[in-house]
Amino acid sequence: MDEAQRKKLEATTRYDPSEVEGRIFSEWMEGGYFHPEAEGTAEENFSVAIPPPNVTGALHMGHALNGSMQDALVRMNRMRGRNSLWILGTDHAGIATQSVVEKELRKEGKSRHDLGREAFVERVWEWRAEYGSRIVEQYKRLGASCDYERERFTLDEGYVKAVHRVFKKLFDKGYIYRDNYMVNWDPGSHSAISDLEVENREVEDALYSIDYPVEDSDQVLTVATVRPETMLADTAVAVNPDDERYAELVGKHCVLPLVGRRVPIIADDHVDVEFGTGALKITPGHDPNDFEIGRKHGLQEIGVIGPDGRMTSDAGEFAGLTAAEAQKAVVEALRAEGRLRAEEPYVHSVPFSHRSGERIEPLISLQWFCRMDELARPAIEVVERDEVNITPPQWKRVYLDWMEEIRPWCISRQLWWGHRIPVWYCDACQETIVAEAAPERCGTCGGELRQEEDVLDTWFSSAIWPFATLGWPDDTPELRAFYPTSFLTTAREILFLWVARMIMTGLEFPGAVPFRDVYVHSVIQARDGRRMSKSLGTGIDPLEEIDVHGADALRFGLLAMSSTQDVRFSDAKVEQGRDLANKLWNASRLILLNAAAVEPAPRPTCVEDRWILSRLERTIASVTEKLETYDFAHAVQEAYSFFWRDLCDWYLEIVKPRLYDGEEEVSATLLYALERVLGLLHPTMPFVSEEIWSYHPAQRGHLAVHAFPAADESLFDDAAEADVEGGIGLTQRLRAWRDLAGVPAGATLPAVIDGVEPPGFVSRLSRFEFDGVGAEPVASIGPVRVLDSDQLDGAAVAERLEKRREELRAEVERGERKLGNEGFVAKAPVEVVEEERGKLERYRNELAELS
RNA sequence: GGGCGCGUAGCUCAGUGGGAGAGCGCUCGCUUCACACGCGAGAGGUCGCUGGUUCGAAACCAGCCGUGCCCACCA
């Protein structure tokens, strides 16, 4: 510490994160600490792949929490000397990014179709060049020690190569195929989306009952539906095979009202006898269940609603109407024909697009699919065998259940922004070519080729993130040094969407699990318990919290509030973090400005020294263990409590006289403790710990690459802990007695010791002189006999005394009752009974003294 | 319909069988030479309800009530 530093330390009584954080971060970057060489093996090294945020994204609390946890472990391992890589990058986020740019175009009065595909995609790249680094910069504000030199993007050149390789391989294995199939059509993004991008919401609709006349009879079959407009595409009516009411109708036909088409009456056990009339209209073209039934029975598939959400020409007179308009018109027409039997309100759950928010239109369309069964099997096994460990453990079951039920994945999207599917068609000879790189001409007939228009689901590329970012499919040094990665932290909502798929592709391609541990972190809710969401306006901006309280405060707060359950955002916890940073700063000022010039080392000379060293080392052991097991909430709270309570409230107060005296032993011990506390806290509070470290006499380089403390068990000392904790307890009782007896805060009271001498600090911290003479004892607190003096108010003392007697009587009564219970004495463990006896005796003795 | 959580001090949350805890808030006292983002001392909980297991339950079991999330093709 030079003179300028000393002056600054003396003058700065308040830690100011805004002055520190930018400067410290630049120093880290200049040091190149976050950019490890690709050396060694994945076994020796430590690596984490960040869940890539959307390139359109802004840092939200989920990122901030997840980032704080990853950074804590990455920093801890880096400090331990392991070659540590935290790979960072962004996801091209097909629909989200395309929408942002389309919105921009709309402001200019244009659509993407005005530009054409090529120009539009060019435009999205421009957008990305301008705005795509926002979230990366925000991770820097958080202090995340990612390797910013190895930043990746899911559409960059090498990544495209990896995606094509995966597509080709899966196609060659027969997993990827093209089919006309029922998909979730999102009219908002004009694309198919996967099951996982659909959310069901409760909606109040009307349930219509419609009479379908049975051919050559005066009977009618009444069907119930919430979507009467789809009756135009009905190709059957189904009843349950066991339903006796309709047994003789099966095999006959109905005649569709309005349409006039003959449709068969079929039997299928999907039909619920109890529901409505027990007759179900079958619309294979517009309902997922009906689609399955239709395929099973070989029914015709008619589509009356098009991709634009409007009725097609097959809808006859209703063609051109939107589905909603058609619904009204069809209902009116049915009413007019007297076919509408009933209409009643009906609440049911309806699929909506998670992407655009619009109601999903189930449609049959030509899409690319990936069969999942073969990929899922090994991914199930590695989790069953705990080769991939999921914490908290209840998520293992959830993962396995979902994987057992996995269905084909619709991987094509009707978008322009994304990985264009590497498939080419020859119109001349109808050949389909799947290739990793664009072929020149058709290999069969030499004809012109036309590339598939669709792009891949964004999650298709995210699924290979842990190895594609390391250079796969090439055999790169990075891949050898950092794959498999060490662990993954994630929000539970992407357990299926992303985590499961990474495990599947990891096993299929590099041939090893992508990570050994998956930690599913808690969800931080808004202050009022609702979800944090942009649309609800309930989001809390982490950047604002960083601006106001500092990154360390936010990191501490988020970790502290993130127990395994879901938890509401707590300003108090962030403020607790802010206060801790300030307390660290000020306690460090006390030590650094007063310590003698000595080497930091444990140099205990008395019981208090042995006590604090024991507590320090035990805290290091415990906090470390909690960090390693992803118990971040308890880790930070325990570090807080050791530092604030034990070190500041007690030890620093105890040793101040020795410190001011320039005593070398206590200086060495304090500098040692400070060095270790800074190291211990650095993974969770990197900025303030790094800043303070720059003033520490042992500082030879940055704390970010200084050794993380390993607990020194030789300093554990049960006897010293017991002695000092006894002294602390006595001090607290003495202080409480003074307060309740109305003694002025500054007064020193005379007393004598009758019994075991307490540790030396008790007298000073409680402001009692233990060598008082002459006066009568008026109170007894442990071994301390308080002597009468003119600073005491007799009435208050008497009142205090009586209160204590009351407490003791209650304690004695409690003890007697417990020990009088024969069952307790006979069945409880001996040590528990002995402890009770000891306590009872102490309370009886004290009560006797006071009477 | 199935699954997983949660209900502990005014608030947000710890606490998995032996005397109810933390942070914030509140009350009282401290301009004590690191820190008022501070120091000291307090007040404040029939641990959702009802049964059960146990010498002993906030904790274990059952049921109920309340609440949140995930999954699911009953029109």
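Keep in mind that what you see is a predicted model, and the values were worked out from it rather than measured. Residue numbers start from 1 in every chain, and the chains themselves are labelled A, B, ... in the order their sequence lines are given, proteins ahead of strands.
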Shortest side-chain distance from [X], nucleotide among [options]:
X: A:Y640; options: B:rG23, B:rC69, B:rA72; value: B:rG23
X: A:R589; options: B:rA72, B:rC55, B:rC35; value: B:rC35
X: A:N582; options: B:rG23, B:rC37, B:rG5; value: B:rC37

Practice task
Please state whether the phosphate of B:rC37, meaning OP1 or OP2, lies under 4.0 angstrom from any side-chain nitrogen or oxygen of A:R14.
Solution key: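 The answer is yes; a side-chain N or O of A:R14 sits under 4.0 Å from OP1 or OP2.
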
Exercise for the section: Examine B:rC70: is either OP1 or OP2 under 4.0 Å from a nitrogen or oxygen in the side chain of A:R531? Give yes or no. Expected result: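 It does, given that an N or O in the side chain of A:R531 lies less than 4.0 Å from OP1 or OP2 of B:rC70.
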
Report each atom pair, protein N/O against N/O of nucleotides 13-15 of chain B, whose distance is under 3.5 angstrom.
from	atom 1	to	atom 2	distance (Å)
B:rC13	OP1	A:R568	N	2.7
B:rC13	O3'	A:S563	OG	3.4
B:rA14	OP1	A:S563	OG	2.3
B:rA14	OP1	A:Q565	NE2	2.8
B:rA14	OP2	A:Q565	NE2	2.6
B:rA14	O3'	A:H634	NE2	3.3
B:rA14	O2'	A:H634	NE2	2.9

Practice task
With A:R201 as the cation and A:F352 as the aromatic partner, state whether NZ or CZ is under 6.0 Å from the six-membered ring centre and within 45° of the axis.
Solution key: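 Judged by the rule, A:R201 and A:F352 form a cation-pi pair.
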
Close N/O contacts between protein and nucleotides 39-42 of chain B (under 3.5 Å):
from	atom 1	to	atom 2	distance (Å)
B:rC39	OP1	A:K583	NZ	2.8
B:rC39	OP1	A:W644	NE1	2.7
B:rC39	OP1	A:D649	OD1	3.3
B:rG40	O3'	A:R735	NH1	3.3
B:rG40	N2	A:D739	OD2	3.4
B:rA41	O2'	A:D739	OD2	3.3

Problem - C1' spacing across the pair B:rA57 / B:rU8, given as an integer number of angstrom - result: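 The same atom, C1', in both gives a distance of 14 Å.
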
Give a yes or no on whether a donor-acceptor pair under 3.5 Å exists between the nucleobase atoms of [N], that is its base, and the side chain of [X].
X: A:H348; N: B:rC74; value: no
X: A:K839; N: B:rG19; value: yes
X: A:Y843; N: B:rG19; value: yes

Handout entry: A:S588 vs A:D579, nearer the 5' end of RNA chain B by closest nucleotide
Key =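 Closer to the 5' end of RNA chain B: A:S588.
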
Problem - Close residues, residues 283-292 of chain A, relative to RNA chain B [heavy-atom separation under 4.0 Å] - result: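 Going residue by residue through residues 283-292 of chain A, the ones with a heavy atom under 4.0 Å of RNA chain B turn out to be A:N289.
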
